[in-house]
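For reference, the structure discussed in these notes is given below.
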Amino acid sequence: MRVCLFEDAAVVELEPLALTRPAFALLSGCGSLADKHFHLFGATSPGAIVRPALAALLGDAFAVNDPAWLQAGPTVLVNARWLPLFAERPDLTTPHVGVVDDALAYAVVGPDHLHDLCIETLADHLDTWREQLPVRPAGGRMMRHLWDLVDANAESLWADAPLSEPTPEADIVCIGPRERLSIAPTAVIEPQVLADTTNGPVIVDHAARVSAFSRLEGPCYIGPSTQVMGAKIRGGTSLGPGCRIGGEIEASIVQGFSNKYHDGFLGHAYVGSWVNLGAGTSNSDLRNDYGPVRVMVNDRLVDTGRTKIGCFLGDHVKAAIGCLLNTGTSVGPFAGLLPSGSLLPRHVPGFCNVIDGRIVTAEDMDGLIATARIVMSRRERVLTPAHERLYRLLYEQSVWNRARTTHEPERRLVRLGA
């Protein structure tokens with residue numbers, strides 16, 4: 001089956017995580033959105049339509065932005081932001097579109113619908129298919145913002161659990177049904193670890209290590225080679241591969257290869273890759289007045305309509321010891337945070353530093369790249385030329401946003417003086 005994952009214009013609302021990866025690479029439950037799409041539709045020939053700056057990141061795994069491949073035969077096109085939460089495969093025998101609310105989730109189309117399809121004409125084709133083909137409810141959810149992924153993560157973990165092999169005989173103290181427990185054969189569980197499956201499955205993947213005095217509360221997922229160091233992992237949490245996790249985490253997603261090694265609280269948050277949170281760094285996920293939280297997304301404040309919102313940290317963010325992150329904090333890639341003794345700014349653009357509570361531009365892009373190489377080498381990973389080109393492009397594209405943000409305090413003083 002030919003399955004093509006596509007990004008629509010709304011992926012910009014998934015920043016800062018979607019700045020550095022296609023939206024379908026975001027983690028949900030026990031795998032990426034792409035994993036769920038390909039599994040659901042039985043993909044044997046994968047393709048993708050993504051922002052040109054991201055195309056090189058996919059390498060040879062996909063036919064990327066390739067008009068010849070796109071027009072070669074019957075295809076299922078799947079919205080990168082769609083989260084299917086069911087196992088039954090949709091009907092693929094007749095052309096139709098599946099929708100969630102008012103958004104197109106997928107389209108089953110034949111060669112006659114694919115004429116001239118390419119990245120430039122995708123939006124027009126989506127509109128045409130919506131008008132001309134039968135419309136069916138797709139089910140699942142459409143991810144419009146990062147907090148949608150956080151909200152849906154517990155349900156996504158439940159949906160993924162049947163794909164994991166139950167290990168009720170595992171040598172671990174378990175509260176709740178043991179058939180909800182899945183421990184990979186190569187995972188290491190030290191004595192004095194407690195798994196609580198009362199409210200959902202606990203899934204520990206290959207080569208993960210959970211040290212003594214850790215509590216794993218379902219539904220939760222511990223990714224491959226991730227180390228949980230005497231931590232409290234609350235329900236609704238997914239930890240991607242290669243992480244080092246301590247302290248307390250509640251209802252959060254960590255994309256992978258990130259460190260929260262020490263004590264501190266992370267709640268209702270989405271953390272990118274190669275992030276380091278220093279000892280004692282914590283985020284608030286509830287306002288003192290229990291009011292709805294607003295988050296800066298794509299240069300505008302968005303009312304989430306939710307009271308439980310933590311932080312959203314882009315790739316390669318570094319937070320020093322004792323940083324205090326306010327409710328609804330958004331931090332762009334490669335930002336550096338230093339403690340100020342009080343809550344840090346709620347919006348920090350990428351490639352900026354927070355020093356004494358003030359946002360300043362990080363001028364040394366070469367230094368940021370050099371640090372990223374060192375960080376990735378510690379996990380036996382390599383910073384590829386494709387990633388470096390993307391990071392440098394994002395740095396150039398965000399010049400205006402950084403300048404506006406760093407000069408806002410001076411403009412505010414001028415307005416007050418006037």
Side-chain angles (χ1 to χ4, degrees), residues 24-43 82-90 139-141 149-246 248-257:
F24 52 73
L26 293 169
L27 179 63
S28 176
C30 301
S32 69
L33 293 174
D35 292 337
K36 303 177 194 306
H37 299 152
F38 289 149
H39 176 76
L40 180 64
F41 290 102
W82 181 45
L83 172 61
L85 293 167
F86 50 88
E88 184 178 354
R89 184 170 299 169
R141 299 195 197 181
L149 280 158
V150 173
D151 284 352
N153 201 50
E155 190 176 357
S156 186
L157 285 162
W158 271 106
D160 288 346
L163 303 178
S164 301
E165 186 70 25
T167 50
E169 74 286 352
D171 187 14
I172 181 175
V173 178
C174 182
I175 300 174
R178 293 192 72 95
E179 60 269 20
R180 295 178 181 172
L181 185 64
S182 177
I183 310 293
T186 55
V188 176
I189 309 294
E190 294 183 0
Q192 306 300 323
V193 172
L194 173 66
D196 183 351
T197 64
T198 304
N199 296 313
V202 171
I203 304 166
V204 182
D205 216 327
H206 291 281
R209 187 180 190 95
V210 183
S211 71
F213 311 114
S214 295
R215 176 187 174 92
L216 309 179
E217 180 182 297
C220 71
Y221 170 69
I222 313 301
S225 300
T226 282
Q227 298 179 18
V228 176
M229 314 297 292
K232 299 176 183 177
I233 308 300
R234 305 296 189 189
T237 295
S238 288
L239 307 177
C243 296
R244 305 290 184 267
I245 301 296
E248 180 182 3
I249 297 187
E250 178 185 7
S252 295
I253 300 173
V254 181
Q255 183 75 22
F257 304 103

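One distance of note links CZ of Arg244 with CZ of Arg209; it measures 11.0 Å at 0.5 Å rounding. Separating the CD atom in Gln255 from the SG atom in Cys243 is a distance of 9.0 Å, to the nearest 0.5 Å. Rounding to the nearest 0.5 Å places NZ of Lys232 at 9.0 Å from CZ of Arg215. Put simply, CD1 on Ile189 and OG on Ser211 are 9.5 Å apart, with the number rounded to the nearest 0.5 Å. To the nearest 0.5 Å, atom CD1 of residue Ile245 and atom CE of residue Met229 are 11.0 Å apart. The line from CD1 of Ile183 to CD1 of Ile172 is 5.0 Å long, rounded to the nearest 0.5 Å.
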Between Thr237 and Glu217, does the side-chain contact (heavy atoms from CB on, under 4.5 Å) criterion hold? Intermediate values first, please.
CA-CA 9 Å; Thr237 295; Glu217 180 182 297; over 6 Å; no
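The main-chain N or O of Gly242 is never found under 3.5 Å from a side-chain atom of Ser225 such that the two would form a donor-acceptor pair. Proximity of a side-chain donor or acceptor of Ser214 to a complementary backbone N or O of Gly230 within less than 3.5 Å is detected. Arg89 places a side-chain N or O within 3.5 Å of a backbone atom of Leu40 that can act as its donor or acceptor partner. For Asp160 (side chain) and Gly29 (main-chain N/O), no donor-acceptor pair under 3.5 Å exists by modelled atom type. Judged by distance alone, the side chain of Thr167 and the main-chain N or O of Ala184 form no donor-acceptor pair under 3.5 Å.
Looking only at side-chain heavy atoms (C-beta outward), Trp158 and Leu85 stay at 4.5 Å or farther from each other. Inter-residue side-chain proximity for Arg178 and Glu169 is flagged as unmet; no heavy-atom pair is nearer than 4.5 Å. A 4.5 Å side-chain heavy-atom check between Val202 and Arg180 finds every atom pair outside the cut-off. Inter-residue side-chain proximity for His37 and Pro84 is flagged as met; some heavy-atom pair is nearer than 4.5 Å. The shortest distance between side-chain heavy atoms of His206 and Pro185 falls below 4.5 Å. Two residues are said to be in side-chain contact when any heavy atoms from C-beta on lie closer than 4.5 Å; Glu155 and Leu83 fail this criterion.
Between Leu157 and Ser238, the shortest heavy-atom contact is CD2-OG, 3.6 Å. Between Ala25 and Ser32, the shortest heavy-atom contact is O-CB, 3.9 Å.
Each of Pro241, Ser164, Pro224 was compared with Asp205 under the side chain to side chain contact (heavy atoms under 4.5 Å, CB included) criterion, and only Pro224 meets it. With Leu239 as the fixed residue, the side chain to side chain contact (heavy atoms under 4.5 Å, CB included) test singles out one of Val204, Ile253, Leu27, Ile222: Ile222. Tested against Leu216, the residues Leu181, Val210, Thr197, Ile203 include a single side chain to side chain contact (heavy atoms under 4.5 Å, CB included) partner, Val210.
Heavy atoms of other residues, nucleotides or ligands lying less than 6.0 angstrom from CD of Glu190 number more than 12.
Ser156 and Asn153 form no side-chain donor-acceptor contact under 3.5 Å, judged by distance and modelled atom types alone.
Applying the side-chain hydrogen bond (donor to acceptor under 3.5 Å, both in side chains) rule to Asp151 yields the partners Arg306; only residues at least two apart in sequence or on another chain are considered.
Classification of the Phe41-Trp82 ring pair by plane angle, with boundaries at 30° and 60°, yields tilted.
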